[in-house]
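When a residue number appears, it is its place in the shown sequence, counting from 1.
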Amino acid sequence: MGRYRDFVHLPLLTRMHTKQRNSVNLSGQSPSSRRKYPAATVVLTVVTVPVVLTITAIGLFVVWPRMISHAVGLVDPNVNCTLLVPTNPLSAKGLATPYQLSATDAALGPCNENNPGQSAFVQALIYDPSSGKLSNYSPLVIDQGTKPLVAPIVPKLPKNAVVGLWFGFNATNLQLQGAKANTLQNAGCINGMGQSLFSQFAYCNAHTFFDAVNTGIANGKVKIPPLGVGKDGLPCPTTRDFSVVDQDQSDNVQSLYLANADGQTAQFSAKNQAKLPEATLIANPSDNRLLSSFIDPTLKCQPWLIPDLTDNNALVATMATDELQAQARQRAPIALIPLNDPMTVVADQAGNTTQNMVKTNLYRRGIDQNPAETNAQASGKSY
C-alpha cells in the first residue's frame with residue numbers, strides 16, 4: 001500500500017474484535033469494482049493502553065497515547081534509510097544475524113526501527129524440496145550500533161533448503177547494503193534497477209525460490225489451498241484481485257517485531273511477548289496484511305497459513321504464499337504490476353518519471369508474476 005498512509009505501530013495485543021458498519025470500498029477502487037467490503041472498526045484490548053484501529057478507504061490508521069513518545073520522529077522523519085544485509089543471508093546463521101538500519105544520509109536525520117514512519121521488515125520463506133514443506137522465518141531488524149532485546153532464534157533448515165527473502169519498509173526508499181562487497185550479488189538480491197530503487201520493496205533469491213516451489217507444485221509435492229467462497233457468495237479474493245489492490249500492490253510483508261521504549265527490538269513470538277510485557281508491536285501494513293488480517297476474516301475466508309519457525313511453528317500468512325496462491329487461483333480480471341506502478345517507474349533528478357519494462361518485470365519476478373512482453377500486457381490504462 002502507498003507510502004506514508006500505511007504505517008502502523010501497535011501496543012502488544014491480547015484480543016481483537018471486528019464490528020461491521022456501512023459498506024465502503026477498502027481498496028479505493030472505483031464503484032465499478034466487483035466486490036465491496038464492510039468498513040470495520042477493530043477494537044484492540046491491549047496490555048498497556050487501549051487503542052482503536054480504523055480501516056478506511058485509504059488505509060489503516062492507529063491512534064494510541066504511547067505513540068506520542070515518537071512524535072519527533074513522526075513530524076518529519078528521514079524517509080531514506082539503508083538496511084545492512086548480513087553475510088550469507090540465506091543460511092541459518094545469516095537468517096539469525098540481525099539486519100542493521102541506518103540513515104542513507106545522516107544529514108537528513110536518523111533512521112530508527114521503532115519509529116513507525118521508518119520501520120523496515122524482513123520475511124524469509126524456506127522450502128524443503130524433498131518434502132514440499134514451506135515455513136516462515138522473520139529475520140530481525142535493529143538500529144545500527146544496538147543489540148537485540150532478545151537474541152534471535154537460529155532456525156534449523158532442512159537439507160538442500162531453498163530460501164527466499166522479501167523486504168518491506170514504512171517510509172520511501174530502502175537501500176540494501178551488503179555486509180561484504182559480494183553479499184547482495186551472491187544472495188541474488190534485487191533492490192530495483194541499478195540506482196532506481198523499487199522504493200519500499202526488495203527481495204533476495206526470489207526467482208530461485210519460486211522456480212523450486214513451482215516445480216514442487218507441478219510434481220504434486222506442494223498443494224496450494226483452494227480459495228473457497230466468501231460469505232458474499234464470491235470466490236475469496238487474493239492479492240491480485242482488483243477489490244484488494246491499490247496503486248502499488250504486493251509491496252510489503254507480514255513480519256512483526258517487538259520494541260521497547262529505548263528503541264531495541266526483538267522477534268515476535270509468544271515466548272518473547274511473555275518475556276517483554278511492556279513491548280509494543282511494529283507492523284508493516286500492506287495489501288497482503290489487509291487481505292489476511294482483515295478482509296479474509298470479514299468474508300469468512302481462510303488465508304494460506306504456514307508454520308513460523310520464529311514462533312514455535314505458529315501458523316502465519318506470508319507474502320510469498322499469498323503470491324503463489326494468487327498465481328494459481330486468481331480468476332480474471334487479474335491484477336499484475338503495471339508499467340505505471342510508482343515503484344517500477346524510473347525518476348530523473350528533476351523528479352520526472354518514465355515507465356520502464358525492465359524494472360517492471362524485475363518487480364514481477366520477485367513476486368511470481370509472469371513477465372510482460374509488450375506494453376499492452378502491462379498497460380496502466382487497462383489496469
Side-chain angles (χ1 to χ4, degrees), residues 7-17 42-53 60 62-74 81 83-84 86 92-93 95-102 110-124 135-156 167-170 252-285 289 293 307-318:
F7 65 80
V8 161
H9 194 289
L10 301 178
L12 189 57
L13 312 184
T14 58
R15 187 179 299 118
M16 179 180 293
H17 302 287
V42 182
V43 182
L44 306 177
T45 305
V46 301
V47 173
T48 52
V49 293
V51 59
V52 175
L53 182 152
L60 310 180
V62 173
V63 178
W64 58 286
R66 289 182 58 185
M67 188 180 284
I68 295 173
S69 65
H70 302 294
V72 173
L74 289 175
C81 302
L83 195 61
L84 186 68
K93 182 179 179 181
L95 289 171
T97 301
Y99 288 66
Q100 298 183 50
L101 186 72
S102 64
C111 286
N112 299 116
E113 181 62 17
N114 77 329
N115 183 331
Q118 297 174 316
S119 306
F121 301 83
V122 190
Q123 188 170 61
S135 55
N136 176 76
Y137 181 84
S138 298
L140 182 64
V141 177
I142 63 174
D143 286 355
Q144 188 175 51
T146 67
K147 295 183 178 181
L149 268 171
V150 180
I153 293 171
V154 180
K156 294 182 179 180
F167 301 83
F169 188 46
N170 286 356
N252 281 298
V253 299
Q254 293 101 322
S255 296
L256 296 168
Y257 301 131
L258 296 167
N260 69 5
D262 295 326
Q264 290 177 286
T265 56
Q267 290 173 313
F268 175 78
S269 67
K271 183 177 181 180
N272 284 349
Q273 282 183 307
K275 186 180 295 187
L276 306 167
E278 293 300 314
T280 59
L281 280 176
I282 304 175
N284 183 211
R289 186 180 299 285
S293 297
D308 182 12
L309 303 184
T310 320
D311 190 15
N312 196 31
N313 290 323
L315 298 179
V316 295
T318 73

Counting only N and O atoms by type, is there a donor-acceptor contact under 3.5 Å from the side chain of [X] to the main-chain atoms of [Y]?
X	Y	value
N313	P307	no
D311	A270	yes
Q123	N136	no
E113	A120	yes
N170	A283	yes
D262	Q264	no
D308	A314	no

Any chance you could lay out the side chain to side chain contact (heavy atoms under 4.5 Å, CB included) test for N272 and Q267, step after step, and finish with the verdict?
-> CA-CA 7 Å; N272 284 349; Q267 290 173 313; 4.2 Å; yes
Taking it one step at a time, do V253 and V122 satisfy side chain to side chain contact (heavy atoms under 4.5 Å, CB included)?
-> CA-CA 7 Å; V253 299; V122 190; over 6 Å; no
Of the non-hydrogen atoms in N114 and G263, which two are nearest, and what is the gap between them?
-> ND2-CA, 3.4 Å
Closest approach of A92 and P155, non-hydrogen atoms and distance?
-> CB-O, 3.4 Å
Point-to-point distance, once rounded to the nearest 0.5 Å, from [atom1] of [X] to [atom2] of [Y]:
X	Y	atom1	atom2	result
K271	I153	NZ	CD1	7.0 Å
S135	K156	OG	NZ	13.5 Å
N284	F169	CG	CZ	10.0 Å
Q273	L258	CD	CG	6.0 Å
S138	Y257	OG	OH	6.0 Å
Q144	T146	CD	OG1	9.0 Å

Please name all residues satisfying side-chain hydrogen bond (donor to acceptor under 3.5 Å, both in side chains) with Y99, sequence neighbours left out, ordered by chain then number.
-> none
Residues two or more places apart in sequence or in another chain: which of them pass side-chain hydrogen bond (donor to acceptor under 3.5 Å, both in side chains) with D143?
-> N112
Taking C-beta and beyond as the side chain, do N252 and F121 meet within less than 4.5 Å on heavy atoms?
-> no
Partners of Y137 by ring-ring contact (aromatic ring centres under 6.0 Å, His included), sequence neighbours excluded?
-> none
side-chain contact (heavy atoms from CB on, under 4.5 Å) with V150: which of L140, T265, L276?
-> L276
